[in-house]
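As a basis for the values below, the full set of heavy atoms in this structure was taken, side chains included, without hydrogen atoms, waters or symmetry mates.
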Amino acid sequence: LVGFDLAAYILAARRLQAGEALYQTNVIALGPFGQFVYPPPIAIAFVPLAALPFDFARAAGLAFLTALAAVLIWRLTRVLPPTTRYWAAAAMVVFFPLIWEVTLGNLTLVTLMLCLLAWRLRRSHILGGISLAGAVGLKLLPLALIAFFIVAGHRRMVAWSAVALATIALATWPIVGDEWAAFLGLLRSI
């Protein structure tokens, strides 16, 4: 299963390059191999990996996500007292969902890193907004954070996030504009 989710991104990029549809129209359940359920611009981001042999891309993705997980574990545990820091880090290292995400090659860790970066940069409305836009643009999981940031008084950051998302959608429209309707149809069926 190493690279199972990464394969969905790479296969979508290959379909994009071949001029084929990104989305399956007969979605019955989430999870089949190669099923792409992300916004259309994500496929563009994986075009460089689509040209590589899959085993190489899978190894590179595994190395990247392992390094990202190490950075996240360090970032989340460094604020703890030394007596508990190492236990918390050890617990995170053997935490099955983390191992699963890294092994599958999913973008959830990247999304989490962008969410943490958005929080860290929340005083810089533009940079924080761009980070939040990246998180929401990769996966819809952090949509609830928009309400959180608004209630926390960071409305300008949320506005910059909307500007960044709109800019990405407009910039990629010539390449994937036709796929947005299929993406919205997919979201309705899910």
Side-chain angles (χ1 to χ4, degrees), residues 4-6 8-9 12 22-24 27-32 35-46 61 64-65 68-80 88-89 91-93 95-173 176 179-190:
F4 187 86
D5 288 350
L6 179 65
Y9 312 130
L22 289 180
Y23 303 99
Q24 296 170 331
V27 174
I28 298 169
L30 292 175
Q35 184 182 35
F36 186 71
V37 293
Y38 306 95
I42 302 301
I44 297 170
F46 283 89
F64 171 74
L65 289 177
L68 184 62
V71 169
L72 280 168
I73 289 170
W74 173 78
R75 172 99 171 90
L76 294 173
T77 59
R78 71 186 172 105
V79 297
L80 298 174
M92 287 181 187
V93 167
F95 186 55
F96 179 72
L98 176 65
I99 296 167
W100 192 245
E101 289 294 314
V102 170
T103 304
L104 291 176
N106 204 323
L107 292 177
T108 305
L109 287 178
V110 178
T111 303
L112 175 59
M113 181 63 96
L114 288 169
C115 289
L116 291 172
L117 188 60
W119 179 250
R120 185 168 183 235
L121 299 172
R122 66 191 178 276
R123 305 252 186 268
S124 171
H125 306 298
I126 296 172
L127 295 177
I130 290 170
S131 298
L132 183 59
V136 172
L138 286 177
K139 287 191 168 269
L140 297 177
L141 291 172
L143 274 177
L145 289 179
I146 292 173
F148 171 77
F149 278 112
I150 289 172
V151 171
H154 300 287
R155 289 174 184 84
R156 289 173 63 191
M157 189 182 100
V158 172
W160 277 106
S161 179
V163 168
L165 286 170
T167 301
I168 291 168
L170 287 174
T172 60
W173 190 267
V176 293
E179 296 294 338
W180 281 102
F183 175 66
L184 294 174
L186 176 73
L187 288 180
R188 276 192 302 272
S189 69
I190 291 174

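- Summarising the geometry of Pro39 relative to Tyr23, their closest heavy-atom pair is C-OH, 3.4 Å, with the distance given to 0.1 Å.
- Here the CG atom belonging to Leu132 is positioned 5.5 Å from the CD1 atom belonging to Ile146, to the nearest 0.5 angstrom.
- Judged by distance alone, with hydrogens and angles left aside, the side-chain atoms of Arg122 form a donor-acceptor pair with the main-chain N or O of Trp119 at under 3.5 Å.
- Under a 3.5 Å cut-off, the side chain of Tyr38 and the backbone N or O of Gly137 do not form any donor-acceptor pair.
- Here CG of Leu65 is found 7.5 Å from CG of Leu107. Values are rounded to the nearest 0.5 Å.
- Inter-residue side-chain proximity for Leu145 and Cys115 is flagged as met; some heavy-atom pair is nearer than 4.5 Å.
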Go through it in stages, so that I can follow the logic: the residues are Ile42 and Phe36, the test is side-chain contact (heavy atoms from CB on, under 4.5 Å), and I'd like the CA-CA distance, side-chain angles, deciding distance and then a yes or no. CA-CA 10 Å; Ile42 302 301; Phe36 186 71; 4.0 Å; yes
Could you give me the CA-CA distance, side-chain angles and deciding distance for Leu6 and Phe46, then say whether side-chain contact (heavy atoms from CB on, under 4.5 Å) is met? CA-CA 9 Å; Leu6 179 65; Phe46 283 89; 3.8 Å; yes
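- The backbone N or O of Met157 lies less than 3.5 Å from no partner atom in the side chain of Ser161, so there is not a single donor-acceptor pair.
- Side-chain contact between Leu98 and Leu109 is present, with at least one heavy-atom pair separated by less than 4.5 Å.
- Note that CD1 of Ile126 and OG of Ser131 are 12.0 Å apart. Values are rounded to the nearest 0.5 Å.
- Pairing each heavy atom of Gly128 with each of Ala118, the nearest pair is O-CB, 3.6 Å.
- Here the straight-line distance linking atom OG1 of Thr103 with atom CZ of Phe4 works out to 13.0 Å at 0.5 Å rounding.
- Below 30°, between 30° and 60°, or above 60°: for Phe149 and His154 the angle between ring planes is above 60°, a perpendicular geometry.
- A 4.5 Å side-chain heavy-atom check between Leu72 and Leu116 finds at least one atom pair inside the cut-off.
- You'll find the side chain of Trp173 stays beyond 4.5 Å of the side chain of Pro41, heavy atoms only.
- Taken from CZ in Arg188 to CG in Leu186, the straight-line distance is 10.0 Å, to the nearest 0.5 Å.
- Few gaps surround CZ on Arg78; more than 12 heavy atoms of other groups in view lie less than 6.0 Å from it.
- Interatomic distance, CG of Leu138 versus CG of Leu112, reported as 12.0 Å (0.5 Å rounding).
- Minimum heavy-atom separation, Pro142 to Thr111: CG-CG2, 3.7 Å.
- Proximity of Leu22 to Phe183: side-chain heavy atoms (C-beta onward) are nowhere separated by under 4.5 Å.
- The shortest non-hydrogen separation linking Thr77 to Ala89 is CG2-N, 3.8 Å.
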